[in-house]
Amino acid sequence: GNASWQFPKKPYRLKFDKKQQLLDAPAKAKKWTLINNYGDKTLMRNILAFEISRRMGMPYTPYCRPVEVILNGEYKGCYQLCDQIEVNENRINITEMEKEDITQPNLSGGYHIEIDSYAWSEASYFVSNKGIPVTIKSPDEDDIVKQQRDYITTYFNNFERAVFADNFTDGNNGYRKYLNIESFLRYVLIEELCGNPDELWSIHLTKERNSDKLNVALVWDFDIAF
């Protein structure tokens, strides 16, 4: 975490040599997170919000379980074992792009981006025409090529332009042309129900191959919610 790394109780990321399926998690992956939840004295807010997400029908809700962490023989406290937010068939289930995907239709996706107030600290990001910082999560900084970066940057700017246009409510040419409204409304309802002040601080979006719309992929980060 960006802010959470500054706290006395540190967050951690686990990376295994081979893909592992931890406890009862649906995903088999190398990367996992141990969330410190330092700002949440109940140690329950993320877990509760993720349960609300499942009941609200989000297509993907991050896996999490409360665990106790002992590192090098020293007890570190109660943590939240959680998915690493990444493209994976049991995490963010979109097409994973290759460097060779530089012409249509392959160039159209899949992308995982994040409206991210910490984007400037990330290796791969852009700032939209209206000044919105956006991190490109997938393809990651080691794999993305110029054609892919240009495509998703232009696409986001076209979406943004439609939001600010005079005809923004137009069903064919307004923002609905670029956004899966149902996914956005589910996201807003969950965030508002949980009273999350980080609602607009970080929004994970995906664009699948051969799709014309951005989808809100998941909810995340409720340590100061409720």
Side-chain angles (χ1 to χ4, degrees), residues 1-2 27 33 49-50 52-54 56-62 82-97 101 105-141 143-145 147-165 168 174-192 194 196-222:
N2 291 282
T33 60
F50 290 171
I52 293 172
S53 171
R54 280 186 284 271
M56 290 287 283
M58 287 293 282
Y60 167 58
T61 298
C82 194
D83 281 341
Q84 169 77 14
I85 303 306
E86 63 180 359
V87 175
N88 179 299
E89 63 180 351
N90 286 305
R91 289 177 175 172
I92 296 178
N93 189 13
I94 59 172
T95 303
E96 191 163 4
M97 298 188 73
D101 295 330
N106 290 12
L107 184 59
S108 65
Y111 296 94
H112 169 207
I113 61 176
E114 179 188 0
I115 297 174
D116 181 10
S117 297
Y118 291 111
W120 288 276
S121 66
E122 300 293 340
S124 181
Y125 75 94
F126 63 90
V127 178
S128 75
N129 291 336
K130 291 287 187 180
I132 295 175
V134 180
T135 299
I136 303 174
K137 310 291 284 187
S138 183
D140 67 20
E141 66 270 18
D143 296 321
I144 195 168
V145 295
Q147 292 92 334
Q148 295 166 357
R149 180 184 298 276
D150 290 347
Y151 176 87
I152 194 59
T153 301
T154 299
Y155 189 91
F156 188 88
N157 279 320
N158 289 339
F159 164 54
E160 181 184 73
R161 188 178 301 111
V163 171
F164 284 92
F168 71 97
Y175 68 88
R176 291 175 178 84
K177 178 180 179 181
Y178 299 94
L179 180 65
N180 180 329
I181 297 298
E182 182 176 328
S183 72
F184 179 71
L185 292 177
R186 287 180 191 272
Y187 174 84
V188 170
L189 288 170
I190 295 166
E191 298 283 332
E192 291 294 316
C194 296
N196 189 8
D198 286 330
E199 177 178 350
L200 302 178
W201 190 263
S202 165
I203 304 177
H204 289 264
L205 302 168
T206 59
K207 185 183 181 296
E208 179 57 297
R209 183 168 298 175
N210 296 320
S211 171
D212 294 329
K213 297 182 186 294
L214 293 167
N215 292 274
V216 182
L218 65 142
V219 297
W220 181 254
D221 194 5
F222 291 84

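Positions are given from 1, in the same order as the sequence printed here.
Side-chain atoms of Asp83 and Tyr60 form a donor-acceptor pair, as typed in the model, at a separation below 3.5 Å. Looking only at atom types and distance, the side chain of Lys137 has no donor-acceptor partner in the side chain of Tyr125 under 3.5 Å away.
Aromatic ring pairs are classed by plane angle as parallel below 30°, tilted from 30° to 60° and perpendicular above 60°; the pair Tyr118 and Trp201 is perpendicular. The aromatic rings of Tyr111 and Tyr151 sit parallel to each other, their planes meeting at less than 30°, with 60° as the upper class boundary. Classification of the Phe168-Tyr175 ring pair by plane angle, with boundaries at 30° and 60°, yields parallel.
Side-chain contact check for Arg209 versus Asn106: some heavy-atom pair is nearer than 4.5 Å. Using a 4.5 Å heavy-atom cutoff, the side chains of Pro62 and Leu218 are in contact. Between Trp120 and Val127, some side-chain heavy-atom pair lies under the 4.5 Å cut-off. Counting heavy atoms from C-beta on, the side chains of Gln147 and Asp150 never come closer than 4.5 Å. At least one side-chain heavy atom of Glu191 sits less than 4.5 Å from a side-chain heavy atom of Val219. Side-chain contact check for Asn180 versus Val216: every heavy-atom pair is 4.5 Å or farther apart. At least one side-chain heavy atom of Ser138 sits less than 4.5 Å from a side-chain heavy atom of Val87. Proximity of Phe156 to Ile132: side-chain heavy atoms (C-beta onward) are separated by under 4.5 Å at one or more points.
Counting only distance, with no hydrogens or angles, the side chain of Thr153 and the backbone of Arg149 share a donor-acceptor pair below 3.5 Å. A donor-acceptor pair under 3.5 Å links the side-chain atoms of Glu208 to the main chain of Thr95, judged by distance alone. Under the 3.5 Å distance criterion, the side-chain polar atoms of Asp116 are left unmatched by any main-chain donor or acceptor of Thr135. Between the side chain of Glu86 and the main chain of Arg91, no donor-acceptor pair closer than 3.5 Å is present. Between the side chain of Ser124 and the main chain of Glu141, no donor-acceptor pair closer than 3.5 Å is present. The backbone N or O of Asp198 sits less than 3.5 Å from a side-chain atom of Asn196, completing a donor-acceptor pair. Although no hydrogens or angles enter the test, the distance criterion places a donor-acceptor pair under 3.5 Å between the side chain of Ser108 and the main chain of Asn210. In terms of modelled atom types and a separation under 3.5 Å, the side chain of Ser53 and the main chain of Ala49 share no donor-acceptor contact.
One distance of note links CD1 of Ile190 with OG1 of Thr61; it measures 7.0 Å at 0.5 Å rounding. Distance OG1/Thr206 to CD/Glu114: 12.5 Å, rounded to 0.5 Å. If you take NE2 on His112 and CG on Leu205, they are separated by 8.0 Å, rounding to the nearest 0.5 Å. For the atom pair CG of Asp143 and CD1 of Ile136, the computed distance is 12.5 Å after rounding to the nearest 0.5 Å. The CD1 atom of Ile203 lies 12.5 Å from the CG atom of Asp221; values are rounded to the nearest 0.5 Å. Taking OG of Ser202 as the reference point, atom CD1 of Ile115 lies at 9.0 Å (rounded to 0.5 Å).
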Run Asn129 and Asn157 through side-chain contact (heavy atoms from CB on, under 4.5 Å) and show every step you take.
CA-CA 6 Å; Asn129 291 336; Asn157 279 320; 3.4 Å; yes
The test is side-chain contact (heavy atoms from CB on, under 4.5 Å); show your working for Asn93 and Asn88 and say whether it passes.
CA-CA 5 Å; Asn93 189 13; Asn88 179 299; over 6 Å; no
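Between Lys213 and Leu179, the shortest heavy-atom contact is CD-O, 3.9 Å. Summarising the geometry of Pro133 relative to Ser117, their closest heavy-atom pair is CG-CA, 4.3 Å, with the distance given to 0.1 Å. Across every non-hydrogen atom of Ser183 and Leu214, the tightest pair is OG-O, 4.5 Å.
Crowding of Phe184 atom CZ: a count of heavy atoms from other residues, nucleotides or ligands under 6.0 Å not exceeding 12.
Looking at Lys130 and Glu160, no side-chain N of the basic residue comes within less than 4.0 Å of a carboxylate O on the acidic one, giving no salt bridge.
For residues 177-186, the pairs satisfying salt bridge (Lys or Arg N to Asp or Glu O under 4.0 Å) are Glu182-Arg186, with sequence neighbours left out.
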